[in-house]
Amino acid sequence: MALIAPSILSADLSQLAQQIRLVEMGGADWIHCDIMDGHFVPNITFGPVLVKAVRKVTKLPVDVHLMIENPDNYLEDFKQAGADHLLVHQEEVIHLNRTINKIKELGMKAGVVINPATPVSTLEDIAEYIDILLIMSVNPGFGGQSFIQNSFRKIREAVNLRKNYKAKFKIEIDGGIDSDTILPALKAGVDVFVSGSAIFKSDNITAATTQLKNLVQ
Ligand code: DX5
Ligand code: ZN
């Protein structure tokens with residue numbers, strides 16, 4: 001059964017608790033938080049303070065996607081804030097094995113994220129150690145962008161990587177997921193779907209969540 005992880009990047013943050021309640025009622029499985037620092041990506045969002053606020057209003061796993069420079073400096077802060085999953089970018093972390101171990105030692109699930117131009121093959125030597133592989137299907141930084149088509153091939157490559165290395169990670173996809181792209185992505189092998197604008201910019205947030213959820217059941 002595939003999972004839905006609404007991204008609060010596109011939510012109305014002045015009504016955070018209520019917006020999270022709406023996606024919970026629609027059947028959301030995780031809450032996805034996009035942390036951007038204006039350096040790794042050309043946008044600035046929020047940090048541990050907001051993750052702490054999310055933690056306060058939901059019991060769902062909080063999935064934290066770090067799009068920041070030097071993420072190693074902030075692992076403890078996000079643990080303290082209540083993150084359940086911490087995902088770091090392959091392009092930013094030099095000692096990925098060390099960082100993944102640290103995240104797990106802190107008691108969180110550890111994920112690696114790859115940008116659209118980063119090959120899945122770069123993860124061969126980390127595959128067996130990670131809990132989540134997040135494939136970016138847009139260039140990170142903003143919600144509401146179009147799904148990059150070669151992501152389907154990358155999903156299939158991730159499925160093969162998992163099999164060939166006897167790994168157990170979930171395959172998560174992030175960017176441009178809506179009622180059109182979700183089914184081919186499911187067919188290619190995705191386990192977890194991040195969706196921002198298709199859910200929070202819709203007229204009925206609960207119904208939009210349920211619609212995506214039903215499509216992947
Ligand atoms: C983009 C973020 C995404 C974003 C997805 O950098 O990582 O999580 O919220 O938004 P949509 O679903 O609108 O593409
Ligand atoms: Zn994200």
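All ligand and atom numbering here is 1-based and tracks the order in the structure.
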Atom nearest to the Zn ion (ligand 2) - Asp174, N, O or S atoms considered: OD2
Modelled atom types, side-chain donor and acceptor of His85 and Asp131, under 3.5 Å: no
Shortest protein contact, atom 6 (O) of ligand 1 (heavy atom only): Gly141 N, 2.8 Å
Top protein contact for atom 1 (C) of ligand 1, by heavy-atom distance: Phe142 O, 3.6 Å
Enumerated ligand 1 atoms positioned under 4.0 Å from heavy atoms of Met136: 7 (O)
Single-linkage hydrophobic cluster Leu215~Ile199, side-chain heavy atoms < 4.5 angstrom: yes
N or O pair under 3.5 Å between Gly176 and ligand 1: yes
Sub-4.0 Å atoms of ligand 1 with respect to non-hydrogen atoms of His32: 8 (O)
4.0 Å heavy-atom contact, Lys201 with ligand 1: no
Per-atom contacts, ligand 1 versus Ser195 - under 4.0 Å to a heavy atom: 12 (O)
Element-labelled atoms of ligand 1 that are located less than 4.0 Å from some non-hydrogen atom of Pro140: 6 (O)
Numbering as shown, the atoms of ligand 1 that approach Val194 to under 4.0 Å (heavy-atom distance): 8 (O)
Ala198 heavy atom under 4.0 Å from ligand 1: no
Close N or O approach (Ser10, ligand 1; < 3.5 Å): no
Within 6.0 angstrom of Lys109 NZ, more than 12 heavy atoms from elsewhere: no
Distance-only polar pair, side chains of Asn204 and Ser202, donor-acceptor under 3.5 Å: no
Within one Ile-Leu-Val-Met-Phe-Trp-Tyr cluster: Ile8 and Phe142, side-chain cutoff 4.5 Å: no
Heavy-atom neighbours of Lys213 NZ exceed 12 at 6.0 Å: yes
Ligand 1 N/O within reach of Met67 N/O, cut-off under 3.5 Å: no
Ser195 vs Asp178 side-chain heavy atoms within contact, under 4.5 Å: no
Same cluster (ILVMFWY, side-chain, under 4.5 Å), Ile182 and Leu134: no
Min side-chain heavy-atom separation Ile103-Thr99 under 4.5 Å: yes
Those atoms of ligand 1 less than 4.0 Å from some heavy atom in Leu9: 4 (C), 9 (O)
Under 4.0 Å to a heavy atom of Gly144 - the qualifying atoms of ligand 1, by number: 11 (P), 13 (O), 14 (O)
Check: Ser197 N/O within less than 3.5 Å of ligand 1 N/O: yes
Under 3.5 Å: N/O of Asp34 near N/O of ligand 1: yes
The Zn ion (ligand 2) - closest N/O/S atom in His65: ND1
Nearest neighbour in protein (non-hydrogen) for atom 12 (O) of ligand 1: Gly196 N, 2.7 Å
Min N/O separation Asp174 to ligand 1 under 3.5 Å: yes
Side-chain donor-acceptor pair present, Asn115, Thr118, cut-off under 3.5 Å: no
Residues Ser121 and Glu157: side-chain donor-acceptor under 3.5 angstrom: no
CZ (Phe46) with more than 12 external heavy atoms under 6.0 Å: yes
Glu24 bridged to Arg21 by N-O distance under 4.0 Å: yes
Salt-bridge present (Lys59, Asp84; N to O < 4.0 Å): no
Heteroatom test (N, O or S) for His32 near the Zn ion (ligand 2), limit 2.8 Å: yes
Element-labelled atoms of ligand 1 that are located less than 4.0 Å from some non-hydrogen atom of Met36: 6 (O)
Closest approach of any protein heavy atom to atom 10 (O) of ligand 1, naming residue and atom: Gly143 CA, 3.6 Å
For atom 9 (O) of ligand 1, closest protein heavy-atom neighbour: Ser7 OG, 2.8 Å
Distance-only polar pair, side chains of Asp34 and His32, donor-acceptor under 3.5 Å: yes
Which N, O or S atom of Asp34 lies nearest to the Zn ion (ligand 2), by name: OD1
